[in-house]
S.K.: 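Can you keep this structure in mind? I'll have questions shortly.
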Protein chains: 2
Amino acid sequence: MERFRDILKASNLKSTHQRLAILECIDTHGHIDIETLFELILQKYPTMSKATLYRNIHDLLAFYILEEVKLPQQKQKYEIKKVPHIHLLCSHCGNVEDIFVETKPLLETIFFQSGFEISSSFIVMNGICKRCSSKK
Amino acid sequence: MERFRDILKASNLKSTHQRLAILECIDTHGHIDIETLFELILQKYPTMSKATLYRNIHDLLAFYILEEVKLPQQKQKYEIKKVPHIHLLCSHCGNVEDIFVETKPLLETIFFQSGFEISSSFIVMNGICKRCSSKK
DNA sequence: CTTCATGCAAATAATTTGCAGTAAG
DNA sequence: CTTACTGCAAATTATTTGCATGAAG
């Protein structure tokens, strides 16, 4: 994936095999936690160390290349930073789906009610996804 | 606080000093993390151990007496379970405010768009609270 | 070449567990 | 009394750091 090289270069970060592997792995897997990520990368790069993984996650977050996703009852996960979206967490199959929805009305209601000026939001919906509910 | 004794009894949990202290502390302090909670309780009960704290937090969560609050860039916090609400996290003063807002329209939009049946939601808004924005 | 990133091992922090003693009901 | 809960210490697990080596540009 050439795009990750560009993204890294833009932040003056070297495009090491390890970093590219981390980014590609998160990209193809979607929301992923440290442990799973580590095991997946080990398969390609048996020498990968956890210290490197932690350091890179930290740096990639700092440069807003990654984003943390804190889901209820779950270990912290990570994803490639993208356009703001809502997380739909299926309590049946465990999958996380992203959805892009207009939230402006809600934000305006909140401002109206409380005077709180919102700059960003983090939203997780728990429930049953379409696939699971149609299987019942 | 007599009400916590009742709540504990309803779940067949004994009303120990430690448990009552944990609940009262979280109740008066609001959203609080393990470390802060531990230090506050130590002042009243110098013998309180962290093992007990962790065990109790775990059990109180399991009985839905407490609720976990995972805020971006912050350590996990806990609060007394209450009516569903939205968290407003002020990036200036760091305070977390709770607000009760009608989210039904948003939930319906999501269902309409994706077929995802929502049972509960977790929402954090980042921004500047009324108090801070009026100080500028 | 020069600088930044990696791997390893060791250090630190966070959380869990086993067990004997203690307190709640 | 009986059972569940606590405190302590030890065990795990998670994360960070120092430093010598190696790779990227």
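Lettering of chains follows the sequences in order, A, B, ..., and the numbering in each one begins at 1.
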S.K.: Output yes when B:E35 and B:K50 qualify as a salt bridge under the 4.0 Å nitrogen-oxygen rule, no when they do not.
M.R.: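 A salt bridge links B:E35 with B:K50.
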S.K.: What is the separation between atom CG on A:N12 and atom C1' on C:dA5, rounded to the nearest whole Å?
M.R.: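 About 14 Å, once rounded to whole Å.
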S.K.: Check whether any side-chain N or O of A:Q18 sits under 4.0 Å from OP1 or OP2 of C:dG7, and answer yes or no.
M.R.: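 Yes.
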S.K.: Which nucleotide, D:dA23, C:dT6, C:dT17, lies nearest any side-chain atom of A:K14?
M.R.: D:dA23
S.K.: Figure out the NZ/P separation between B:K9 and C:dA24, and round it to whole Å.
M.R.: 14 Å
S.K.: Between A:D27 and A:R3, does a salt bridge (charged side-chain N to carboxylate O under 4.0 Å, His left out) hold up when you go through it step by step?
M.R.: CA-CA 11 Å; A:D27 191 43; A:R3 73 166 164 128; 2.7 Å; yes
S.K.: With no hydrogens and no angle check, just 3.5 Å: does a side-chain donor-acceptor pair link B:D98 and B:H31?
M.R.: yes
S.K.: Rounded to the Å, how far apart are A:I57 CD1 and C:dA5 P?
M.R.: 15 Å
S.K.: Have a look at B:N56 and say if it touches a base, only the backbone sugar-phosphate, or nothing, with a 4.0 Å heavy-atom cut-off.
M.R.: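 Sugar-phosphate, backbone atoms only, no base.
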S.K.: Could you say whether B:R55 or B:H17 is positioned toward the 5' end of DNA chain C, judged by the nucleotide with the nearest heavy atom to each?
M.R.: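 The residue whose closest nucleotide sits nearer the 5' end is B:R55.
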S.K.: Where each residue is assigned the nucleotide of DNA chain C containing its nearest heavy atom, which of B:Y54 and B:L13 is assigned the position nearer the 5′ end?
M.R.: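 Mapping each residue to its closest nucleotide by heavy atoms, the 5'-most match is B:Y54.
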S.K.: Classify the side chain of B:K50 and the base of C:dT15 as holding, or not holding, a donor-acceptor pair under 3.5 Å.
M.R.: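 No.
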S.K.: How many Å lie between CG on A:D6 and P on D:dA24, as a whole number?
M.R.: 17 Å
S.K.: Whole-Å distance between C:dA5 P and A:H58 NE2?
M.R.: 13 Å
S.K.: Do any N or O atoms from the side chain of B:Q18 and from the backbone of B:N56 form a donor-acceptor pair under 3.5 angstrom?
M.R.: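 Checking the backbone N and O of B:N56 against the side chain of B:Q18, no donor-acceptor pair under 3.5 Å is found.
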S.K.: Any base atoms under 4.0 Å from B:I34, or only sugar-phosphate, or nothing? Heavy atoms, all strands.
M.R.: nothing
S.K.: Does OP1 or OP2 of D:dT6 have a side-chain N or O of B:S49 closer than 4.0 Å?
M.R.: no
S.K.: Under 4.0 angstrom, heavy atoms only, what part of the nucleic acid is B:T16 near: base, sugar-phosphate, or nothing?
M.R.: sugar-phosphate
S.K.: Just the rounded figure in Å: distance from P of D:dC5 to CZ of B:R5.
M.R.: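 Nearest whole value for this atom pair: 15 Å.
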S.K.: Output the rounded distance in Å from CG (A:L20) to P (D:dA24).
M.R.: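 Distance check: A:L20 CG to D:dA24 P gives 10 Å.
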S.K.: Using whole Å, what does the distance between atom P of nucleotide C:dA14 and atom CD of A:Q76 come to?
M.R.: 14 Å
S.K.: By the 4.0 Å heavy-atom rule, please label A:E35 as base, sugar-phosphate, or nothing.
M.R.: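 Nothing, no heavy atom under 4.0 Å.
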S.K.: Using a cut-off of less than 4.0 Å, is there contact between a side-chain N or O of B:S15 and OP1 or OP2 of C:dA24?
M.R.: no
S.K.: Do A:H29 and A:L40 touch side chain to side chain, with heavy atoms closer than 4.5 Å?
M.R.: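 Sidechains of A:L40 and A:H29: in contact.
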